[in-house]
Structure formats: C-alpha cells, structure tokens
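What you are looking at is a predicted structure, and each value in this text was computed from that prediction instead of being measured. All chains are named by letter (A, B, ...) in the order of the sequence lines, taking the proteins before the strands, and each is independently numbered beginning at 1.
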Amino acid sequence: MSCSSPCCDSKSNSNQRGKLKMKPEEKNEYLGKMRHSAAHILAQAVQSLFSGVKFGIGPAIENGFYYDFELPRPLTPEDLPVIEAKMREIIHDGQPFTKEELSKEEARHIFAGQPFKLELITELPDKMVTIYRQGTFTDLCRGPHVASTGDIKAFSLTHIAGAYWRGDEKNPMLQRVYGIAFETKDELQSHLALEAEAAKRNHRKLGRELDLFSIHDEIGPGLICWHPKGSIIRQVVEDFWKAEHIKRGYSIVYTPHIAKLDLWKTSGHWDFYREYLYPPMKVEGQQYMLKPMNCLGHILIFKSQTRSYRHLPLRYAELGTVYRYERSGALYGLARVRGFTQDDAHIFCRPDQIEGEVAEVLNLAQFMMHTFGFHDYDVFLSTRPEKYAGSLEMWEESTASLRNVLEQLNMDYKIDPGEGVFYGPKIDIKLKDALGHTWQGPTIQVDFNLPLRFNVCYIGEDGQEHSATMIHRTVLGSMERFLACLIEHYGGAFPVWLSPIQAMVIPIADRHVDYAREVENELSQGGIRVQVDDRSERMNLKIREAQVEKVPYMLIVGDKEVASHGISVRLLNGKDAGLESIQSVKDRIKIAIEAKSQVALEAVNNS
RNA sequence: GCCAGCGUAGCUCAGGGGUAGAGCAGCGGUUUCGUAAACCGCCGGUCGUAGGUUCGAAUCCUAUCGCUGGCUCCA
C-alpha cells in the first residue's frame, strides 16, 4: 500500500469533531489520518511544482508525515518554503478527498509511468485496489483520509533527506520531504518547544559545554577522548557497576584488545560479522585482529581449567573495550562510535540454570535502570536473523528459554523478528529518557553456538562432558552510549553522586578565600568532590558560572559565614537553602551522594 | 556507504571575487563586591585540506577529509 494508516475512513464532517469529546485512541486515529492527508497534499504540491515526478510512498509518522519522490533535480532547503506555500494554497482551497475502488488493470492504467506505484499494485494481494483523489492529484492508497484539504490546521515542512526506495540500499535513492502536523497551532508550537529543549540537551552540545569529551579529526571519527570531568562520571558509573557485579557473584576479568585471526575464524565472527571488523594486521607472520567482542577471551579463561558442574555458573565480567567498523554515515556523537567499552559479562552455566540466570540478569538490569533514574522502558525479544550460526533446534530452544523467563516474570514484551545476533536470540531493553527518547539499554543473549565451536564443557554429575551454555549480557550497553543517554536524560544536571564537581565553594571577596579553603578541606575529607572558585571575581559571576556548569551545590562564604563558621547553600534551581554549619552541610551532601538521590534537593530540604 | 546541506579565532556566528570581523573564552590591569555576566586594554584565523579558474579566491569549480539531517545499520 502506498499509505499505511490503520484507521478507518470517517466521512464525518471534521467541523463536528469535538476535540474535547475525543478519547486518546480517537485522537491518535484522527492525527494519523490528518498527517497522512497532509502527505498527499505535499505530493500534490510537488506535482504542481515539478514535472516528471515519480511518486514513492507517503505515510503518517510520529508527529508528522513524509513523502518520497524521484525528481528531475535534487531538492535544496530553499525548496521547502516554496512547497509549503503551495500546500497552504491547496489547504486554503478546501479540496475534498474522494475515494474510488477499481481493478488492478484500471489502476495500472491510471498509474502508467509511475514505476513505484506499479510495483505496489502488482504486490497488493486483493484484486481490487483503492485510490484517493484531491484536486489534481491521485494516489494509490488504502486511506483513510480527512474530508477535505482544509482540515489540515497546523503543519510545517521540516527537512529533506535521501531515502532508499523501500528502505533497501540496492534500490534507487529517492528524495524524502519530512513535515510535522498537529491538530492545533498550539500543539505544533509545543512540539517545536520540545525539540528546542532536546537540542539544548543534546549530548554532543553538552559534552562540549560541560567539558566532558571530545572527538578529533586527527584521531579519527567515532573515537572518543574522555576529558577529566567526563571521566569522573564514567569512573563513578564503572565503580558502582563493578561493586554491584561483585556483590552479585560476578568475577572481574581483563582480556587483550587484539587476538589472532584464527580465533575469530573459529568463533564465526570472520564469517558472520566481517562487515564490522577492522582488517587484520600482520605481526611476525601472524594475522591479528582488534576485538569486536569480549566473549572469546572469557571462553578461553573458562577453558583454562577443567570445570565441574559444581563450579557453575561462572560469571566473568569485564569493562571491555571493543572496536567495530561502522559506516561513516552511521556515527553519532557518543551514541554510535567505532571504539567503545561494553559493560560486558558472560555467564557459563548448565542448561538447567539458564532461566534462573537470565532472571537474575533482568533483575540486575532493572536495579541499574532505577538507580540511574529510568522508570520507563520497553522489552523486546529478538529472534533468529537471516545470517545465523548453529542449528534450528538450538535457536528454538534458546528462544523458548528467554520467552519463558519473560513470561514467568510477567514482563510485557514485544517480538523483534530477525533481530537476534548471529550466535543466538536476545532480550533487548529500550530505555525512555526524560524527554521520551528511546535508547538501547540492557541486552541478554543466550548462546549455544560458541560453546560448541570452542568445545566449552563441564564434567557433569555423571562424570561425562557436557556442553556449557553461555549467556552474553550488558546492563548499560556501552559506557559511551550510556553516558550519552545519561547526559540527555539529566540535561547535564547530574544527580550529586554522578556530578563531576559536587560542590563549588564561592568566597564573596578575596579575604574569604582562606575560610573557603577550610571548607574545601573539610568537605574533601568527607569524600566530596569540591572546589574553591578563588578568582578575584564578583560573587555573581562565580555563581553564574557554577550554575552554567550545573554544579549541584554552590557554597557561599562571606563575612557572615566566617563569623558563624557556617556555609550558605545555593542549589541549582536557584533556591537559597540558608546558612548551616560546615558539618551539617557536609553530612547532608554525603547523604545525598550515598543515597544516589536523583535530585540534590531531596537530601538538603527534607532533612 | 548513499542523498542533501555545511566547514571562517578555543566556542557561537557575520562577511560571499579586491586581500578577514563581532561577542564569549584566554591573557594583563583596575575593582573586593551577598545569590545568574563589573570596567579598561591586549593576544588570537595562510577562512578544513589539495588542486584548478582568475590580474586577484575565504568567496567560483573539482577532488578529498570532517560535521549535520535522513536512509541503511547498531552496544
């Protein structure tokens, strides 16, 4: 179908559509229909402005719509206002949308010269197809649509992009025009405001502003330099991660960054994963490769001794840095890079332990997400991909065990068909950040393949060798991507425990610097990351800069504080939390840090 | 990798065939101040890189590297 809106055609006059009376589902249905109609209007506008347009598809999408075209010349951003003006004319005219049902033969006649539409017609299952017309434009379309072009109340064309026909890079690239559309201008405005907020929180922008990390042409794209402040956040996350894993029965290990090519041939990476591998390097006549995954080192550690069923499960955890070749167009800040550190672990267990271990990992994953302030997430079960290793039975068995655990734990999940890794199926958890954007979070993969390829076994109660099962899992994903997610989730205003500088002591005049140092020492003794702004600047300037740096506690010291041996606390929200003793401020900050409280206020105000 | 756009000072940006500019940052000075930017001065760029067109290129053309928005892909 050229259009793919699931809702049904409504002939009702849009003017009678009381917004207040609409239920959320009805509203979504209406929005989908309206956005889809806007796509048709876009196509009509483009048709009237260009000759020889070949039409692709034009569906409604989240917040708006797009339409794909093949045009005689490339579109540039300057074309958008022109197309948009044409669309407004069509909307102003209030042209009715009309539907017709006809045979494929008739449709082929109408769409002669439209190769993409003809392709769609051929593939449609039914004998009859439907078309929609408004004004001079006719489209192959299942519908439904609004009654009239005049029903589009608030829209805007946003950007152009290339898009392969049917999303396949073997197909020709079409030009896609994106737009947003809402029921009212207010909703359109608030969507734009939300986007502006998202742009402010973008981790690439905040990464520079807060001096967290950088990427350099001289080093190469997708390769990250972590600055001191970003490194503090990373270290705090890593320390917390390690401690929690040790608590839960994992052993921390370290493995090399390169390994002989043969190892990667045995594992199947050379066959199934080559597009992501950096080319091998030759050392003393041997081929070596940068590791794209950490599993093989862990397998060899496991195999360094004969393991008994009594030893299992064995859980090896590593903050393992891996390198994968990503196509240049795919790179994005910290979220998609070429070298990254996974919070990886491999659990070697007996088949009867799989479900219990997966459940434990899910529990750990939930604990981690809650600690970092994520409460909204979606769970996906990814099944066998096209390129896979191993037998179908193994795939079925391991997929079933993942499914069992999800069901036993009563977790809502969706199936993501064909999205598993080449060696096994996986559970993916996608986090929603404070602005509702989703991020790839924890992932758990059951693997019967690598144990077979490497003969990973244990001696059972029966004295015989049995193949072990491996569970690959990360709970944060990678340090890079997770930090990107944290930066955007918190908008750079990290909770105290993660904040690179937890407290800034601000002496009002130079004569207060000595006392400020005393405060610094005292807090520093308490393990608080504290600094003194001892510049000969005005207090207002120091406050402003601490504020821009998003330091959770600004500790103001002047004559009053020196006299009373106290500190005046200013919080990031601008609130003056009053004068307190050094000891009491120190204790409160420590409590907030230890509690990993999400907001600095909690500990200061509620105690 | 593909399509489109963009690369000017550390950052944010102006300039668009006649030889480079602002604010912030940095540096030097003055100011010593009570909850988001004191004042004065100075330094700073072979305009991403390499070719080409031109009397003359930051400006036009080509190639290349990188970035941005998408497509594809993904920890």
Enquirer: Centre-to-centre under 6.0 Å for F69(A) and F55(A), is that the case here?
Expert: yes
Enquirer: Which of these nucleotides, rU32(B), rA37(B), rA36(B), is closest to any side-chain atom of R511(A)?
Expert: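 So the side chain of R511(A) is nearest to rU32(B).
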Enquirer: Within this structure, what is the OH-to-P distance between Y66(A) and rC71(B), rounded to whole angstrom?
Expert: 8 Å
Enquirer: With ring centroids as reference points, do H565(A) and Y515(A) lie under 6.0 angstrom apart?
Expert: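 Distance test on ring centres: under 6.0 Å, yes.
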Enquirer: Write down the distance separating the P atoms in rU30(B) and rA37(B), rounded off to the nearest Å.
Expert: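 Between the two P atoms, the distance is 24 Å.
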Enquirer: Tell me if the CD atom of E123(A) is crowded by more than 12 foreign heavy atoms within 6.0 Å.
Expert: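 Above 12, so yes.
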Enquirer: So how far is it from Y250(A) OH to W241(A) CH2, rounded to the nearest 0.5 Å?
Expert: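 Rounded to the nearest 0.5 Å, the OH-CH2 separation comes to 8.5 Å.
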Enquirer: Taking only the side-chain heavy atoms of M539(A) (C-beta and beyond), determine which of rA36(B), rG34(B), rC71(B) contains the nearest atom.
Expert: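 That would be rG34(B).
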Enquirer: Using whole Å, report how far CG of N540(A) lies from P of rA38(B).
Expert: 7 Å
Enquirer: Taking only the side-chain heavy atoms of R570(A) (C-beta and beyond), determine which of rU68(B), rU35(B), rU31(B) contains the nearest atom.
Expert: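 Out of rU68(B), rU35(B), rU31(B), the nucleotide with an atom closest to R570(A)'s side chain is rU35(B).
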Enquirer: Considering only the P atoms, how many Å lie between rG26(B) and rG69(B), rounded to the nearest integer?
Expert: 29 Å
Enquirer: Could you label the plane-to-plane angle of the F182(A) and H191(A) rings as parallel, tilted or perpendicular, counting under 30° as parallel and over 60° as perpendicular?
Expert: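 Geometry flag for H191(A) against F182(A): tilted rings.
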Enquirer: With under 30° as parallel and over 60° as perpendicular, where do the rings of Y332(A) and H203(A) fit, or are they tilted in between?
Expert: perpendicular
Enquirer: Calculate the interatomic distance between I219(A) atom CD1 and rC67(B) atom P; express it in whole Å.
Expert: 13 Å
Enquirer: Between rA75(B) atom C1' and D344(A) atom CG, what is the distance in whole Å?
Expert: 9 Å
Enquirer: With a non-hydrogen cut-off below 4.0 angstrom, is Q547(A) in contact with a base, only sugar-phosphate, or nothing?
Expert: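 Base contact - Q547(A) has a heavy atom under 4.0 Å of at least one base atom.
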Enquirer: Pick the C1' atom in rG44(B) and in rG52(B), then give their distance to the nearest Å.
Expert: 31 Å
Enquirer: Whole angstroms only, please: what is the NZ-P distance between K542(A) and rA37(B)?
Expert: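 Those two atoms, NZ and P, are 15 Å apart.
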Enquirer: Closest to the P77(A) side chain: rG69(B), rA4(B), rA75(B)?
Expert: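 For P77(A), the side-chain atoms sit closest to rA4(B).
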Enquirer: Name the orientation class of the two ring planes belonging to Y377(A) and H370(A) (parallel below 30°, tilted from 30 to 60°, perpendicular beyond 60°).
Expert: tilted
Enquirer: Could you go over nucleotides 72-74 of chain B and give all protein N or O partners under 3.5 Å, atom names and distances?
Expert:
from    : atom 1 : to      : atom 2 : distance (Å)
rU72(B) : O2'    : E169(A) : OE2    : 3.3
rU72(B) : O2     : R327(A) : NH2    : 3.0
rC73(B) : O2'    : Y276(A) : OH     : 2.5
rC73(B) : O2     : R336(A) : NH1    : 2.1
rC73(B) : O2     : R336(A) : NH2    : 2.5
rC73(B) : N3     : R336(A) : NH1    : 3.1
rC74(B) : O4'    : R336(A) : NH2    : 3.3
rC74(B) : O2     : R481(A) : NH2    : 2.7

Enquirer: Taking the ring of H159(A) and the ring of Y178(A), is the distance between their centroids below 6.0 Å?
Expert: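 Centroid distance Y178(A)-H159(A): below 6.0 Å, so yes.
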Enquirer: Measure from the side chain of D559(A), starting at C-beta and using heavy atoms only, and say which of rU12(B), rC71(B), rG34(B) lies closest.
Expert: rG34(B)
Enquirer: What's the closest nucleotide to the side chain of I508(A) if the choices are rU35(B), rC33(B), rA75(B)?
Expert: rC33(B)
Enquirer: Check nucleotides 45-50 of chain B against the protein and report each pair of N or O atoms closer than 3.5 Å, with its distance, or say if there are none.
Expert:
none

Enquirer: Between rG5(B) and rC47(B), how far apart are the P atoms? Round to whole Å, please.
Expert: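 24 Å, rounded to whole Å.
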Enquirer: Whole angstroms only, please: what is the NZ-C1' distance between K550(A) and rA36(B)?
Expert: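 In whole Å, rA36(B) C1' lies 12 Å from K550(A) NZ.
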Enquirer: Taking donor-acceptor contacts at under 3.5 Å, does the side chain of R538(A) reach the base of rA36(B)?
Expert: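 Donor-acceptor pair under 3.5 Å: no.
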Enquirer: Looking at every strand, decide which applies to S568(A) at a 4.0 Å heavy-atom threshold: base, sugar-phosphate, or nothing.
Expert: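 It contacts base atoms.
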Enquirer: So, do M289(A) and L277(A) sit near enough that their side-chain heavy atoms are less than 4.5 Å apart?
Expert: yes
Enquirer: How is Y332(A) classified with respect to the nucleic acid when contacts are heavy atoms under 4.0 Å: base, sugar-phosphate, or nothing?
Expert: sugar-phosphate
Enquirer: Over 60° means perpendicular and under 30° means parallel, so classify the ring planes of Y278(A) and Y323(A), tilted if in between.
Expert: perpendicular
Enquirer: When the C1' atoms of rU19(B) and rA38(B) are compared, how many Å lie between them, rounded to an integer?
Expert: 39 Å
Enquirer: For D217(A) and rG66(B), what is the distance between atoms CG and C1' respectively, to the nearest whole Å?
Expert: 5 Å
Enquirer: Between R208(A) and rU12(B), is there a contact of a side-chain N or O with OP1 or OP2 at under 4.0 Å?
Expert: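 Checking rU12(B) against R208(A), a side-chain N or O does come within under 4.0 Å of OP1 or OP2.
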Enquirer: Could you measure between the two P atoms, the one in rA75(B) and the one in rC65(B), and give it in whole Å?
Expert: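 Straight-line distance between the two P atoms is 27 Å.
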Enquirer: Quick test: give all pairs of protein nitrogen or oxygen and nucleotides 62-64 of chain B nitrogen or oxygen below 3.5 Å, distance rounded to 0.1 Å.
Expert:
none

Enquirer: Quick one: does any side-chain atom of E580(A) pair with a main-chain N or O of K586(A) as donor and acceptor, under 3.5 Å?
Expert: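 Pair absent, no side-chain N/O of E580(A) close to backbone of K586(A).
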Enquirer: Using a cut-off of 4.0 Å on non-hydrogen atoms, how would the nucleic acid contact of V322(A) be classed: base, sugar-phosphate, or nothing?
Expert: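 Nothing, no heavy atom under 4.0 Å.
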Enquirer: Just to verify, which of K205(A), R204(A), K200(A) counts as forming a side-chain hydrogen bond (donor to acceptor under 3.5 Å, both in side chains) with N202(A)?
Expert: R204(A)
Enquirer: Think T76(A) has a side-chain N or O under 4.0 angstrom from the OP1 or OP2 of rG5(B)?
Expert: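 Answer no for this pair, as no side-chain N or O of T76(A) is under 4.0 Å from OP1 or OP2.
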Enquirer: When the P atoms of rC40(B) and rU46(B) are considered, how many whole Å apart are they?
Expert: 29 Å
Enquirer: From C-beta outward on S536(A), which listed nucleotide comes closest to its side chain: rU32(B), rG69(B), rU35(B)?
Expert: rU32(B)
Enquirer: Where the side chain of E561(A) is defined as all heavy atoms beyond and including C-beta, which of rA36(B), rG34(B), rA75(B) is the nearest nucleotide?
Expert: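 Nucleotide nearest to E561(A)'s side chain: rG34(B).
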Enquirer: Can you find a donor-acceptor N/O pair under 3.5 angstrom joining the side chain of D510(A) to the base of rU32(B)?
Expert: yes
Enquirer: Rounded to the nearest 0.5 Å, how far apart are CD1 of I506(A) and CZ of R538(A)?
Expert: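 These two atoms lie 13.0 Å from each other.
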Enquirer: When the ring centroid of F65(A) is compared with that of Y67(A), is the distance short of 6.0 Å?
Expert: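 When the ring centroids of F65(A) and Y67(A) are compared, they turn out to be at least 6.0 Å apart.
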Enquirer: Between atom CZ in R535(A) and atom P in rU30(B), what is the gap in whole Å?
Expert: 18 Å
Enquirer: So if I take every side-chain heavy atom of S328(A) and compare against rG1(B), rG34(B), rG66(B), which nucleotide ends up nearest?
Expert: rG1(B)
Enquirer: Rounding to the closest angstrom, what is the interatomic distance between rG51(B) and rC43(B) at atom P?
Expert: 32 Å
Enquirer: Would you say R204(A) places a side-chain N or O within less than 4.0 Å of OP1 or OP2 belonging to rG69(B)?
Expert: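 So the side-chain polar atoms of R204(A) do come within 4.0 Å of the phosphate oxygens OP1 or OP2 of rG69(B), strictly under.
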Enquirer: Return the orientation label for the Y423(A) and H472(A) ring planes: parallel under 30°, perpendicular over 60°, tilted otherwise.
Expert: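 Y423(A) vs H472(A) ring planes: parallel.
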